[in-house]
Student: 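Shown below is the structure under consideration.
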Amino acid sequence: MYTKGTLQSPAVRRSGAIRTSRGEKIFTVVNHIFFILMGLSTIFPFINLIAKSLSSEAAVVSGMVTLYPIDFQIGTYKYVASNSLFLNAFMVSITVTLVGSLLALFMTTLAAYPLSKPRLRGRKFFIIMYLFTMLFSGGLIPTYLLMHKLNLIDKLPVLFLPLMINVYNMLIVKSYFESLPDSLEESAKMDGASNMTIFVRIILPLSMPVLATIALFYAVTFWNDYFTSLIYINSVEMKPLQLYLKELFVSSTDAFMRTNVDASLNVSPQSIQAASIILATLPIILVYPFLQKYFVKGVLVGSVKG
């Protein structure tokens, strides 16, 4: 005898069918519609930018462009790709993102690993100090004076040194280290491995999913950051891509076209802005698929023999 809501009958179990109520079906349909609309609302502005960047000046200025290009042209991308200011800012952003992400990931793992060990003396004190920095900071003016004293103003390191450790990212890595079995380190120590050997040859290879995720977090942060350069960078050759885009958007439209764009090109300031945004977004879009596989990879399967 089977009680309703507890056990399924043998016939239902053999068929593999699971009955869903009318309310569950309606909830599923509403969920699908909601997430489809959310996805469309996210991708629509991006498609609109692509269409503007490939449309003629008359079509863009008249507001005719929506989801597809009108009077197709690629002169906008040719101009943006050959613009020395854009290329210089692009290279600065690439350098800051690569160097900053690697150094930030290195510092984050070095801080997270010892803090994940209960045997560390003063562990609670150090954790509290890190958490304190999440709530309070020295302020913009003292930070600027510090960078000035360190002679970092208008220097490339100032774009990534202030963002070297994100406490939230460090706590995520720390929690992942704490989830690793203690038997891994115990067996390695029995074989004579040192703490550094265990960290480099065992812990880091098993932590690729969280490290790839945090590396992507840092890369996006460095790539999208413009406020740091706005405060500390003065020279044109040191400006990153986001600061270049900010100045591109706030510049006068007529003055920009007269001084920067060849009159023979059939492009508008809006299409140049759209093409610049697309090219600035492209590197992160290309990098993401290579890191996505680490997000769901089960690296601990079979790492400890039962």
Student: Flag the pair Phe90 / Asn83 as yes when at least one side-chain heavy-atom distance between them is below 4.5 Å, and no otherwise.
Tutor: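 When only atoms from C-beta onward are counted, Asn83 and Phe90 do not touch, as no gap falls below 4.5 Å.
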Student: Provide the closest heavy-atom pair for Ala112 versus Val173 in the form atom of the first, atom of the second, distance.
Tutor: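 Shortest heavy-atom separation between Ala112 and Val173 comes out as CB-CG1, 3.8 Å.
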Student: Hey, what do you get for CD1 (Ile284) to CG (Asn224), rounding to the nearest 0.5 Å?
Tutor: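 That separation rounds to 6.5 Å.
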Student: Tell me whether the count of non-hydrogen atoms from other residues, nucleotides or ligands lying under 6.0 Å of CZ in Arg123 goes above 12.
Tutor: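 Buried by this count: over 12 neighbours within 6.0 Å.
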Student: Take a 6.0 Å sphere around CD1 of Ile43 and say whether it holds more than 12 heavy atoms from other residues, nucleotides or ligands.
Tutor: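 Open.
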Student: Applying ring pair (Phe, Tyr, Trp, His ring centres under 6.0 Å), which residue pairs with at least one partner in residues 32-56 are found, sequence neighbours left out?
Tutor: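 Not a single pair qualifies under ring pair (Phe, Tyr, Trp, His ring centres under 6.0 Å).
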Student: Does CE in Met129 sit with more than 12 non-hydrogen atoms of other residues, nucleotides or ligands closer than 6.0 Å?
Tutor: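 No, CE of Met129 has 12 or fewer neighbouring heavy atoms, counting only those of other groups under 6.0 Å.
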Student: Linking I/L/V/M/F/W/Y whenever their side-chain heavy atoms sit closer than 4.5 Å, directly or via other members, would Leu102 and Met208 fall into one cluster?
Tutor: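 No: no chain of side-chain contacts under 4.5 Å links Leu102 to Met208.
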Student: Looking at Lys174 and Ser116, what are the two nearest heavy atoms and their distance?
Tutor: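 Taking every non-hydrogen atom into account, O-CB, 3.8 Å.
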Student: Do you know which two heavy atoms are closest between Val167 and Met134, and how far apart they sit?
Tutor: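 Nearest pair, atom of Val167 first, then Met134: CG1-SD, 3.3 Å.
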Student: Can you sort out the partners of Phe136 under ring pair (Phe, Tyr, Trp, His ring centres under 6.0 Å), two or more places apart, ordered by chain and number?
Tutor: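 Phe136 satisfies ring pair (Phe, Tyr, Trp, His ring centres under 6.0 Å) with Phe132 only.
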Student: How far does CZ of Arg201 sit from OG of Ser194, to the nearest 0.5 angstrom?
Tutor: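 The OG atom of Ser194 is 10.0 Å from CZ of Arg201, to the nearest 0.5 Å.
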Student: Do we see a donor-acceptor contact under 3.5 Å between the side chains of Tyr244 and Ser93?
Tutor: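 Per modelled atom types, Tyr244 and Ser93 side chains form no pair under 3.5 Å.
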Student: Verify the neighbour count for atom CD1 of Ile141: are there more than 12 heavy atoms of other residues, nucleotides or ligands below 6.0 Å?
Tutor: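 12 or below, so no.
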Student: Can you find a heavy atom in the side chain of Asp225 that is under 4.5 Å from one in the side chain of Phe160?
Tutor: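 Counting from C-beta outward, Asp225 and Phe160 never come under 4.5 Å.
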Student: For Val65 versus Lys52, what's the shortest heavy-atom pair and its separation?
Tutor: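 Of all heavy-atom pairs spanning Val65 and Lys52, the closest is CG1-N, 3.7 Å.
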Student: Do any N or O atoms from the side chain of Asn48 and from the backbone of Leu67 form a donor-acceptor pair under 3.5 angstrom?
Tutor: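 No, because the side chain of Asn48 does not come within donor-acceptor range (under 3.5 Å) of the backbone of Leu67.
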Student: Between Met91 and Leu87, does the side-chain contact (heavy atoms from CB on, under 4.5 Å) criterion hold? Intermediate values first, please.
Tutor: CA-CA 6 Å; Met91 293 306 301; Leu87 293 178; 5.6 Å; no
Student: Whether the side chain of Trp223 engages the backbone of Ala280 through a donor-acceptor N/O pair (distance < 3.5 Å, no angle test) should be reported.
Tutor: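 Yes.
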Student: Can you measure from CD1 (Ile277) to CD (Gln242) and round to the nearest 0.5 angstrom?
Tutor: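 These two atoms lie 9.5 Å from each other.
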Student: Do side-chain atoms of Tyr218 reach the backbone of Asn166 as a donor and acceptor pair under 3.5 angstrom?
Tutor: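 Yes, because the side chain of Tyr218 sits within donor-acceptor range (under 3.5 Å) of the backbone of Asn166.
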Student: Could you tell me whether a side-chain N or O of Ser53 sits under 3.5 Å from a main-chain N or O of Ile50, the two making a donor and an acceptor?
Tutor: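 Yes; at least one donor-acceptor contact below 3.5 Å.
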Student: State plainly whether one hydrophobic cluster holds both Val96 and Ile153, where clusters connect Ile, Leu, Val, Met, Phe, Trp and Tyr through side-chain heavy atoms under 4.5 angstrom apart.
Tutor: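 Shared cluster, yes.
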Student: Quick one: CG on Leu105 to CG on Leu110, what's the gap to the nearest 0.5 Å?
Tutor: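 Spacing of CG (Leu105) from CG (Leu110) equals 9.5 Å.
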Student: Do Val158 and Leu161 make a side-chain contact, defined as non-hydrogen atoms from C-beta onward lying under 4.5 Å apart?
Tutor: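 Answer no - side chains too far apart.
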Student: Determine the interplanar angle of the Tyr113 and Phe199 rings, folded into 0 to 90°, and report it as parallel if under 30°, tilted if 30 to 60°, perpendicular if over 60°.
Tutor: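 Because their plane-to-plane angle lies in the 30° to 60° range, the rings of Tyr113 and Phe199 count as tilted.
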Student: If Ile, Leu, Val, Met, Phe, Trp and Tyr residues are connected whenever their side-chain heavy atoms lie under 4.5 Å apart, and connections chain through other members, are Ile70 and Leu49 in the same group?
Tutor: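 Per the 4.5 Å side-chain linkage, Ile70 and Leu49 are not co-clustered.
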Student: Taking the side chain from Ser101 and the backbone from Leu98, do they hold a donor-acceptor pair closer than 3.5 Å?
Tutor: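 Checking the backbone N and O of Leu98 against the side chain of Ser101, no donor-acceptor pair under 3.5 Å is found.
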Student: Please step through side-chain contact (heavy atoms from CB on, under 4.5 Å) for the pair Phe227 and Leu140, ending with a clear verdict.
Tutor: CA-CA 11 Å; Phe227 185 75; Leu140 180 60; 4.3 Å; yes
Student: Stepwise, does the side-chain contact (heavy atoms from CB on, under 4.5 Å) test hold for Leu241 with Phe86?
Tutor: CA-CA 7 Å; Leu241 187 57; Phe86 177 86; 3.5 Å; yes
Student: For Ala111 and Met170, work out which heavy atoms get closest and say how close.
Tutor: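 Looking at all heavy atoms of both residues, the closest pair is CB-CG, 4.1 Å.
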Student: Does Ile214 form a side-chain contact (heavy atoms from CB on, under 4.5 Å) with Thr109? I'd like the steps, not just the answer.
Tutor: CA-CA 10 Å; Ile214 298 303; Thr109 54; over 6 Å; no
Student: Are Val60 and Tyr77 linked, directly or through intermediate hydrophobic residues, by side-chain heavy-atom contacts shorter than 4.5 Å (ILVMFWY only)?
Tutor: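 In one cluster: no.
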Student: Evaluate the side-chain proximity of Pro142 to Leu145: yes if any heavy-atom separation is below 4.5 Å, no if none is.
Tutor: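 Side chain of Leu145 against side chain of Pro142, heavy atoms only: no contact under 4.5 Å found.
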Student: Looking only at heavy atoms, which two atoms of Lys189 and Ile198 are closest? And how far apart?
Tutor: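 Smallest interatomic distance, heavy atoms only, reads CG-CD1, 3.6 Å.
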Student: So, do Ile278 and Leu282 sit near enough that their side-chain heavy atoms are less than 4.5 Å apart?
Tutor: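 No. Closest side-chain heavy atoms not under 4.5 Å.
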Student: Heavy atoms, side chains only, cut-off 4.5 Å: are Asn195 and Glu185 in contact?
Tutor: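 With C-beta onward as the side chain, the pair stays apart.
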Student: Indicate, with yes or no, if Leu163 and Ile231 share a hydrophobic cluster defined by side-chain heavy-atom contacts under 4.5 Å among Ile, Leu, Val, Met, Phe, Trp and Tyr.
Tutor: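 Hydrophobic grouping puts Ile231 with Leu163.
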Student: Rounded to the nearest 0.5 Å, what separates atom CZ in Phe125 from atom OH in Tyr130?
Tutor: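 With rounding to 0.5 Å, CZ (Phe125) is 11.5 Å from OH (Tyr130).
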Student: Give a yes or no answer on whether the side chain of Asp154 reaches the backbone of Asn234 with a donor-acceptor pair at less than 3.5 Å.
Tutor: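 Flag set: sc Asp154 to bb Asn234 pair under 3.5 Å.
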Student: Surrounding CD1 of Ile74 (heavy atoms of other residues, nucleotides or ligands, distance under 6.0 Å), is the total greater than 12?
Tutor: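 No - once you tally the heavy atoms of other residues, nucleotides and ligands closer than 6.0 Å, there are 12 at most.
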Student: Crowded around Lys117 NZ? As in, over 12 foreign heavy atoms under 6.0 Å?
Tutor: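 Count over threshold, so yes.
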Student: Would you say that Leu159 contacts Val92 through its side chain, given a criterion of any heavy-atom pair below 4.5 Å between the two side chains?
Tutor: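 Yes, at least one pair of side-chain atoms sits under 4.5 Å.
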Student: Are the side chains of Ser276 and Leu248 in touch, meaning some heavy atoms are under 4.5 Å apart?
Tutor: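 They are in side-chain contact.
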Student: Measuring from Thr281:OG1 to Leu286:CG, what's the distance to the nearest 0.5 Å?
Tutor: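 Thr281 OG1 to Leu286 CG: 10.5 Å, rounded to 0.5 Å.
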